[in-house]
Amino acid sequence: MSVRVRFAPSPTGPLHIGGVRTALYNYLFAKKHQGDFILRIEDTDQNRFVPGAEQYIIESLKWMGIEPNEGVGFGEGTHAPYRQSDRKGMYRQYAEQLLHRGLAYYAFDTESDLEYLKNTFPNFKYDAVTRMHGKNSITLSEQEVAQRLAKNEPYVIRIKIPEDETIRFTDEIRGNVMVQTTQMDDKVLLKSDGMPTYHLANVCDDYIMKITHVIRGEEWLPSAPLHVLLYRFLGWEDAMPKFAHLPLLLKPDGNGKLSKRDGDRLGFPVFPLEWKDPVSQEISSGYKQRGYLPEAVLNMLAFLGWNPGTEQEIFTKEELIQAFSLDNIHKAGAKFDFEKAKWFNAEYIKHTSNERLATLVKNIVEEKFGVQEDANLTQAMALIKERMVFINDVENFGYIFKATEKYDSANLEKVNKIKDTLNLDSLEQSLLHAPENASDLEAYLKTYVTEQTLKMGDFMKFLRVSLVGELSGPAIPDLMLLFGKTESIQRIKNCYSQL
RNA sequence: GGCCCGUUCGUCUAGGGGUUAGGACAGGAGAUUUUCAUUCUUCAAACAGGGGUUCGAUUCCCCUACGGGCUACCA
């Protein structure tokens, strides 16, 4: 049987990196086994619907390069529709099936009824004991139930949890898990608005869509026994998918699961793309806009909770697919580490071709420093990419794209000494005949220093300040070759004139 | 509170009955680089605690502590 997995977010806001990692693991697992990866949108709660969230999820997956081959936004496959609100009609029959077989029941309890029960029973949960105190089709006469139904009284359908059984299942990451049904409660399956709850919809859809492995966050572990029971009640036990509950992504500081708030509080993005809240208009930063490379984020995320068991850390997506296995997923939650994320990005930038970097950087550079020639931009990348952590760091190298006009006086002071010994005309003549490759040019400059009996340190510092306006930066010969002779000489003259 | 899951350097982790407990990030020191960055070398840094089982436990079992999750007509 071929592997089919799904990523099933609800469109209640932007997808955060915890969700992205869940999607990634599903993707890697599917690709590893030549299976299908499905995107299903779980929008059964209309109250929490956020406009734009679904589109955001789709775009984020695209940017990350973890594209589903079936599902909302990715070409509907054989099991369309993939949005639960569009599947609303099909859930009721399953709830009713359970109803007829005595495995579920109608409950008419109002909000205040429930409130009363909560106050009456300590640690209240709707279960074998307390349901006898509720207004439901177990306590009410058949006639009354029929009447209430006829009057269109609001009701929910609840699962009838067996009184005292042990539910066991095997989690692919945690091993055997068992829970007593006495600890479970009669969860609502179908809400009074006719929508299924997560539990019902999820189980039905996974079954119908022939999902073989449910790979999801650990927050679902407590309700997994309910899902197991649902498969059994629905008669689908043989087709029940395997479960793998992933460790959570935790806040970098303190405790708790990583939340949408943490990013802005701690100064790192928790979202793949920038998100503007449609109500508050509040903007949350995204990895893309902050200058991350998607493959770096992918690599970084893959290692939060999983490890190949070797010492290799930089993995292409293909390598990740080859190496990925549920067996190597850690059980404990992982604190998100911003420093490591930066390191991954810097590594990826260093190993990205100058051509590609140039295209990524082009808009930023041109917006800030004016139009650039592509060839020039590409060449510039070679000089600065090992000094960049983020794509946006290109902003720090404005001197490459635009000559300094007014030099910083403090820096000028540090190279002032050259004024007495340097012959500007001879330097210009010499540079006009300089060789066109870095190592020859370097030797050429050294020879010039010797011939002119200049001090190497003073001369080099002066050249550096002339070229970039600062005392640190890329190698001088590289800069001169990048700028070309005319531009280099012009910068030197300009600087000299301000000494 | 109840239930479930977890616990190896500060962080991400490897390992697994007998190891100098390995790697990476971050941190320290040094080398290279005319500078900065890169790169390289190097240092420091961990098996939560207590009981068992065992010739031997960081590894297996139990308890405690701590952390996390769930406990909605939210997912």
Side-chain angles (χ1 to χ4, degrees), chain A residues 8-13 19 42-48 84 107 109-111 114 118 122-126 154-158 171 173-175 177-180 182-185 187-199 201-202 216-225 245 247-248 250-257 300 303-314 328 330-344 346-347 350 383-389 442 445-446 449 455-461 463-465 468 470-476:
Chain A
S10 48
T12 54
E42 309 224 328
D43 57 346
T44 52
D45 185 359
Q46 312 124 313
N47 301 321
R48 295 211 307 161
Q84 287 182 331
D109 310 274
T110 62
E111 225 172 289
L114 256 14
K118 267 177 209 164
N123 290 329
F124 173 79
K125 62 180 170 38
Y126 214 108
Y155 67 86
V156 299
I157 297 177
R158 286 181 184 272
D171 184 274
I173 294 168
R174 277 146 227 286
V177 178
M178 61 166 90
V179 176
Q180 299 299 126
T182 49
Q183 304 299 335
M184 298 168 66
D185 63 337
K187 282 268 184 280
V188 169
L189 263 20
L190 200 76
K191 300 186 266 191
S192 55
D193 63 3
M195 274 290 201
T197 57
Y198 170 85
H199 307 292
N202 190 264
R216 69 214 324 180
E218 192 186 356
E219 69 267 30
W220 295 109
L221 194 52
S223 50
H245 290 94
L248 263 15
L250 274 17
K251 299 179 198 294
D253 65 334
N255 312 309
K257 110 177 137 158
M300 180 269 293
F303 271 72
L304 245 30
W306 171 85
N307 188 287
T310 66
E311 286 177 358
Q312 184 183 348
E313 288 200 275
I314 300 295
N328 292 329
H330 231 242
K331 292 185 176 78
K335 280 188 181 167
F336 176 79
D337 185 2
F338 187 37
E339 290 301 326
K340 193 93 183 210
K342 278 166 36 178
W343 175 78
F344 270 111
E347 276 308 295
K350 269 182 281 191
L383 304 201
I384 64 172
K385 70 179 177 185
E386 59 194 29
R387 285 147 227 271
M388 291 165 65
V389 172
E442 189 179 350
L445 290 173
K446 281 180 180 164
V449 166
K455 276 194 181 160
M456 179 66 99
D458 291 347
F459 179 66
M460 288 301 193
K461 261 191 215 165
L463 284 189
R464 174 172 305 289
V465 170
V468 304
E470 292 172 19
L471 284 154
S472 67
I476 288 166

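All heavy atoms count here, side chains included; hydrogens, waters and symmetry mates do not. Proteins come first, then strands; the chains are lettered A, B, ... in the order of their sequence lines, and each starts at number 1.
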Got a second to check how far A:Asp45's CG is from A:Thr12's OG1, nearest 0.5 Å?
8.5 Å
Mate of B:A24 across any strand shown (Watson-Crick or G-U wobble, both atom pairs under 3.5 Å) is B:U11
Give a yes/no answer on whether the side chain of A:His245 brings an N or O atom under 4.0 Å of OP1 or OP2 in B:G6.
no
Whom does B:C66 pair with, Watson-Crick or G-U wobble, provided both distances fall under 3.5 Å?
B:G6
For atom P, what is the distance between B:G23 and B:C43, given to the nearest Å?
10 Å
Output yes when at least one side-chain N/O atom of A:Lys257 is less than 4.0 Å from OP1 or OP2 of B:C70, else no.
yes
Can you figure out which of B:C74, B:G68, B:U34 approaches the side chain of A:Thr197 most closely?
B:C74
Under 4.0 angstrom, heavy atoms only, what part of the nucleic acid is A:Ser472 near: base, sugar-phosphate, or nothing?
base
G-U wobble or Watson-Crick pairing nucleotide for B:A29 (cut-off 3.5 Å, both distances):
B:U41
If you check the A:Ala475 side chain, which of B:C73, B:A75, B:U35 turns out closest?
B:U35
Would you measure the distance from the C1' atom in B:G69 across to the matching atom in B:G30 and give it in whole Å?
47 Å
Tell me what A:Leu248 touches on the nucleic acid: a base, only sugar-phosphate, or nothing, going by heavy atoms under 4.0 Å.
sugar-phosphate
If you go through the side-chain atoms of A:Arg174, does one of them form a donor-acceptor pair with the base of B:C5 closer than 3.5 Å?
no
What nucleic acid atoms does A:Asn123 come within less than 4.0 Å of, heavy atoms only: base, sugar-phosphate, or nothing?
base
A:Ile157 CD1 to B:C73 P, straight-line distance once rounded to whole Å:
15 Å
So, taking the atom named CH2 in A:Trp306 and the one named CG in A:Asn328, what distance separates them when rounded to the nearest 0.5 Å?
7.0 Å
Check whether A:Lys257 reaches the backbone of A:Glu219 with its side chain - one donor and one acceptor, N or O, closer than 3.5 Å.
no
Taking the C1' atom of each, how far is B:U7 from B:U13, in whole Å?
14 Å
Assuming nearest nucleotide by heavy-atom distance, tell me which of A:Asp185 and A:Met460 is located more 5' along RNA chain B.
A:Met460
Donor-acceptor check, side chain of A:Thr197 to backbone of A:Val188, threshold 3.5 angstrom: yes or no?
yes
Think A:Arg464 has a side-chain N or O under 4.0 angstrom from the OP1 or OP2 of B:U34?
no
Whole angstrom value for the distance that separates C1' of B:C73 from CG of A:Asn47
10 Å
Separation between the C1' atoms of B:U53 and B:U20, rounded to whole Å
28 Å
Indicate, with a heavy-atom threshold strictly under 4.0 Å, whether A:Ser192 touches base, sugar-phosphate, or nothing.
base
Rounding to the closest angstrom, what is the interatomic distance between B:U38 and B:G50 at atom P?
43 Å
For A:Phe344 and B:C12, give me the distance from atom CZ to atom C1', rounded to whole Å.
9 Å
Could you state the CD1-C1' distance from A:Ile384 to B:A37, rounded to the nearest angstrom?
12 Å
Classify A:Gln312 by what it touches in the nucleic acid, base, sugar-phosphate, or nothing, heavy-atom distance under 4.0 Å.
nothing
Base, sugar-phosphate alone, or nothing: which one does A:Asp109 contact when heavy atoms must sit under 4.0 Å apart?
base
Output the rounded distance in Å from NZ (A:Lys331) to P (B:C4).
17 Å
Just to confirm, is there a sub-4.0 Å distance from OP1 or OP2 of B:C74 to any side-chain nitrogen or oxygen of A:Lys191?
yes
Does the structure show a Watson-Crick or G-U wobble partner for B:U58, both distances under 3.5 Å? Name it, or say none.
none
Distance, C1' atom - from B:C60 to B:C73, rounded to whole angstrom:
46 Å
Would you classify A:Val156 as touching base, sugar-phosphate or nothing, given that sugar-phosphate means primed atoms plus P, OP1 and OP2, and contacts are heavy atoms under 4.0 Å?
base
Any chance you could measure A:Asp337, atom CG, to A:Phe303, atom CZ, to the nearest 0.5 Å?
14.0 Å
Separation of B:C70 atom P from A:Tyr198 atom OH, nearest Å, is 13 Å
Selected nucleotide, minimal atom distance to A:Lys335 side chain, candidates B:U11, B:U71, B:G69:
B:U11
Considering only B:G68, B:A75, B:C12, which nucleotide approaches the side chain of A:Glu218 most closely?
B:G68
Would you mind reading off the distance between A:Lys251 atom NZ and B:G69 atom C1', rounded to a whole angstrom?
13 Å
Just call it for A:Gly457: base, sugar-phosphate, or nothing, with non-hydrogen atoms closer than 4.0 Å on any strand.
nothing
Minimum-distance nucleotide (side-chain atoms of A:Ala332 versus B:G6, B:U38, B:G2):
B:G6
Could you run down the sub-3.5 Å N/O contacts of the protein with nucleotides 21-24 of chain B?
from: B:G22; atom 1: O2'; to: A:Glu311; atom 2: OE2; distance (Å): 3.0
from: B:G23; atom 1: O4'; to: A:Glu311; atom 2: OE2; distance (Å): 3.1
from: B:A24; atom 1: O4'; to: A:Glu313; atom 2: OE1; distance (Å): 2.8
from: B:A24; atom 1: O2'; to: A:Glu313; atom 2: OE1; distance (Å): 2.4
from: B:A24; atom 1: O2'; to: A:Lys340; atom 2: NZ; distance (Å): 2.9
from: B:A24; atom 1: N3; to: A:Lys340; atom 2: NZ; distance (Å): 3.0

What interatomic distance, in whole Å, is found between C1' of B:A46 and the corresponding atom of B:A21?
9 Å
What's A:Gly217 touching, base or sugar-phosphate or nothing? Going by heavy atoms closer than 4.0 Å.
nothing
Using only side-chain N and O atoms of A:Lys187, determine if any of them is under 4.0 Å from OP1 or OP2 of B:C70.
no
Between B:G68 and B:U32, how far is it from one C1' atom to the other, in whole Å?
46 Å
Rounded to the nearest 0.5 Å, what's the gap from CD on A:Glu313 to CE on A:Met300? Could you check?
12.5 Å
Could I get a table of every N or O pair under 3.5 Å where one atom is in the protein and the other is in nucleotides 39-46 of chain B?
from: B:U39; atom 1: OP1; to: A:Lys350; atom 2: NZ; distance (Å): 3.1

Does A:Thr44 put a side-chain nitrogen or oxygen below 4.0 Å from OP1 or OP2 of B:A75?
yes
Identified pairing partner of B:G1, criterion: Watson-Crick or G-U wobble below 3.5 Å
B:U71
Base, sugar-phosphate or nothing for A:Ile476? Non-hydrogen atoms, less than 4.0 Å.
base
Write down the partner of B:U19 under the Watson-Crick or G-U wobble criteria, each distance required to be under 3.5 Å.
none
Identify, between A:Glu339 and A:Glu42, the residue whose nearest nucleotide on RNA chain B lies closer to the 5' end.
A:Glu339
Rounded to whole Å, the CG-P distance (A:Leu383 to B:U35) equals 17 Å
Donor-acceptor pair, side chain of A:Glu386 and main chain of A:Met388, under 3.5 angstrom
no
Could you check whether A:Pro122 gets within reach of a base, just the sugar-phosphate, or nothing at all, counting any heavy atom under 4.0 Å?
nothing
Testing B:C25, B:A37, B:A75 for proximity to the side chain of A:Asp337, the answer is B:C25
Please classify the nucleic acid contact of A:Ala8 as base, sugar-phosphate, or nothing, using heavy-atom distances under 4.0 Å.
nothing
Take atom CD in A:Gln46; do more than 12 heavy atoms of anything else shown fall under 6.0 Å from it?
yes
